[in-house]
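Below: the structure, in structure tokens.
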2 protein chains.
Amino acid sequence: MRQTAITPVVLGLIGLGARSGYDIKSGVDNSARFFWAGSYGQIYPELRRLEAEGLIRGEDSPTGARGRRVYELTDAGRKWLVDWLAGPNTTIEYRDESLLRLFFADALPREDALGLLEVRRRGHKEYLEILRAIETRAGDDPDFMNLVLRWGIEFNEWGVEWCETHLRRLRRSKPA
Amino acid sequence: MRQTAITPVVLGLIGLGARSGYDIKSGVDNSARFFWAGSYGQIYPELRRLEAEGLIRGEDSPTGARGRRVYELTDAGRKWLVDWLAGPNTTIEYRDESLLRLFFADALPREDALGLLEVRRRGHKEYLEILRAIETRAGDDPDFMNLVLRWGIEFNEWGVEWCETHLRRLRRSKPA
DNA sequence: TAGTGCATGTAATGCGTTACATGATTTC
DNA sequence: GAAATCATGTAACGCATTACATGCACTA
């Protein structure tokens, strides 16, 4: 079965109870966007494809005059998902402009370079607030979904500390 | 000035002493690939474009019969780089298939789900070895380049510990 | 002399995002 | 009555990767 980046997301979220394409997009935006993105331009065509291949079953379920199509996993779909979960990890793509700036920071006066570390620290703090807000209203999510949210929170906490540690170290090693 | 993802990489690496397109590709692969990727298909067209726009200056410098063109920053190029360093951080894209699997791990029997955490832990360990090997031969790199390498190493160390901590916690909370 | 590293480049392909279009329903 | 949310979908665009093509130079 042909797959793209959105395939496991669609099947996984339907497996966790998402019903419409809109649900899936919300799930991505509210829970997964910090480690896996997805757009309508991927989701809707993928839903039609997966239904045609028999991995999901769709049914029209309008709300009044507003169209709505809901989906659930077929046995084949659930099997695909479980097989995928056992597969090898391949994709890890990380693109972090703040690290890229830090990488070239030797081109700046020292104080400006240290300023980049402060900016990075602030970025982690801001992200932390977003994730903590999500955590507050995620009480009854499945265990491992919560675990990944914890990862996001603890990673950003670590990131704040990392910036502070190295700021202290660099300020100590070469005072103005 | 129009820019893509490769623009600051090309200018930054030339600023750090890279001379040819091949040098830049090597720099990306050996030092930056864990947080910013780049391919020949981007680099060579970008070098021509940046030369045409006057941010770099190119000169033919063949080795025997083998063609080679080397570049250096112009004043305009250095200025662009410094301005970019001071700009706002925008891009942070993180795509981690291992986290995505963990996110959906509630679809698996508990022991298999914990197995995903073990796989993740191993992934961090392997990456750690690669980065430590780079660190060994990076003694005289510029300070902030080394700092980013440290980030990679310390992040993966943190990642190993994170997996171990939560494995312990989850094994304790629900013994078979 | 075989293998690795140096060196430049392009074409095709696939992919994902962005922006747009449209409209109903619920909530304040 | 306004604003937010629910809901579906496509077209254009830009971008990056992949694969391919080519060949010299150095080193073991």
Side-chain angles (χ1 to χ4, degrees), chain A residues 2-10 13-14 17-30 32-33 35-52 56 58-71 90-97 100 137, chain B residues 1-10 13-14 17-30 32-33 35-52 56 58-71 90-95 97 100 137:
Chain A
R2 188 170 152 270
Q3 69 166 302
T4 67
I6 205 68
T7 310
V9 176
V10 168
L13 284 174
I14 292 175
R19 310 201 11 100
S20 63
Y22 184 87
D23 274 357
I24 291 169
K25 175 62 171 158
S26 303
V28 168
D29 287 349
N30 296 323
R33 76 170 182 290
F35 65 92
W36 205 274
S39 64
Y40 285 128
Q42 299 171 271
I43 292 167
Y44 283 110
E46 184 72 2
L47 283 169
R48 265 174 272 131
R49 193 180 71 86
L50 290 174
E51 188 174 5
I56 56 178
E59 187 190 349
D60 284 322
S61 166
T63 315
R66 186 173 59 199
R68 181 163 179 255
R69 191 169 179 81
V70 297
Y71 299 89
T90 46
T91 302
I92 293 185
E93 279 166 45
Y94 186 43
R95 214 153 237 234
D96 185 329
E97 202 171 348
L100 188 63
R137 50 187 154 83
Chain B
M1 218 274 297
R2 190 170 149 269
Q3 68 166 301
T4 68
I6 205 66
T7 310
V9 176
V10 168
L13 283 174
I14 292 175
R19 310 201 12 100
S20 62
Y22 185 86
D23 274 358
I24 291 168
K25 174 63 170 156
S26 302
V28 169
D29 287 348
N30 296 323
R33 77 171 181 289
F35 65 93
W36 205 273
S39 64
Y40 284 127
Q42 300 171 271
I43 292 167
Y44 283 110
E46 184 71 2
L47 282 170
R48 265 174 273 130
R49 192 180 71 86
L50 291 174
E51 188 174 5
I56 55 178
E59 188 190 348
D60 285 321
S61 165
T63 315
R66 187 172 61 199
R68 181 165 181 255
R69 191 170 179 81
V70 297
Y71 299 89
T90 47
T91 303
I92 293 186
E93 280 166 44
Y94 186 43
R95 218 156 234 233
E97 202 171 348
L100 188 63
R137 49 186 156 81

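Naming: A, B, ... by sequence-line order, numbering from 1 per chain.
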Phosphate OP1/OP2 of C/dC15 contacted by A/Gln42 side-chain N/O (<4.0 Å): no
Bend angle of the helix from C/dT1-D/dA28 to C/dC28-D/dG1, from helix axes over five pairs at each end, nearest 10°: 50°
Side chains of B/Leu47 and B/Ile24 in contact at under 4.5 Å (non-hydrogen atoms): yes
Spatial distance of atom CD (A/Glu59) from atom CZ (A/Arg68) [nearest 0.5 Å]: 10.5 Å
Nearest-Å distance for atom pair CZ/C1', residues B/Arg69 and C/dC6: 18 Å
Nearest-angstrom distance from the residue atom OH of A/Tyr44 to P of D/dT8: 4 Å
Spacing of A/Leu47 atom CG relative to D/dA7 atom P, expressed in whole Å: 13 Å
Phosphate OP1/OP2 of C/dG9 contacted by B/Tyr40 side-chain N/O (<4.0 Å): no
Distance (rounded to the nearest 0.5 Å) between A/Tyr44 OH and A/Ser20 OG: 6.0 Å
Lys/Arg-Asp/Glu bridge criterion (N-O < 4.0 Å) met for B/Arg49, B/Glu46: yes
Touch class at under 4.0 angstrom, heavy-atom based, for B/Gly41 against every strand present: base
Separation of B/Asp23 CG from B/Asn30 CG (nearest 0.5 Å): 10.5 Å
For atom OH of B/Tyr71 and atom C1' of C/dT8, their distance in whole Å: 9 Å
Residue whose closest nucleotide on DNA chain C lies nearer the 5' end, B/Ser26 versus B/Arg95: B/Ser26
Atom-to-atom span, CD1 of B/Ile6 to P of D/dG14 - whole angstrom: 19 Å
Touch class at under 4.0 angstrom, heavy-atom based, for A/Arg19 against every strand present: nothing
Sugar-phosphate only, base, or nothing, as touched by A/Arg48 at under 4.0 Å among non-hydrogen atoms: sugar-phosphate
Short side-chain N/O contact from A/Tyr22 to OP1 or OP2 of D/dT8, under 4.0 Å: no
From CD1 (A/Ile43) to CD1 (A/Ile6), nearest 0.5 Å: 5.0 Å
Position toward the 5' end of DNA chain C (nearest nucleotide), A/Ala5 or A/Thr63: A/Ala5
Check: A/Phe35 ring centroid to B/Tyr94 ring centroid under 6.0 Å: no
Contact summary for A/Val28 and A/Ala37, nearest pair of heavy atoms: CG1-C, 4.0 Å
Phosphate OP1/OP2 of C/dT17: any A/Arg33 side-chain N/O under 4.0 Å: no
Nearest-nucleotide comparison on DNA chain D, the residue closer to the 5′ end among B/Arg66 and B/Ala37: B/Ala37
Gap between atoms NZ and C1', on A/Lys25 and D/dT10 respectively (whole Å): 15 Å
Residue-phosphate contact under 4.0 Å: A/Ser20 side-chain N/O, D/dT8 OP1/OP2: yes
Gap between atoms CD and P, on A/Glu93 and C/dT17 respectively (whole Å): 11 Å
Among D/dT8, C/dT25, D/dC15, the nucleotide that comes nearest once only the side chain of B/Thr4 is considered: D/dC15
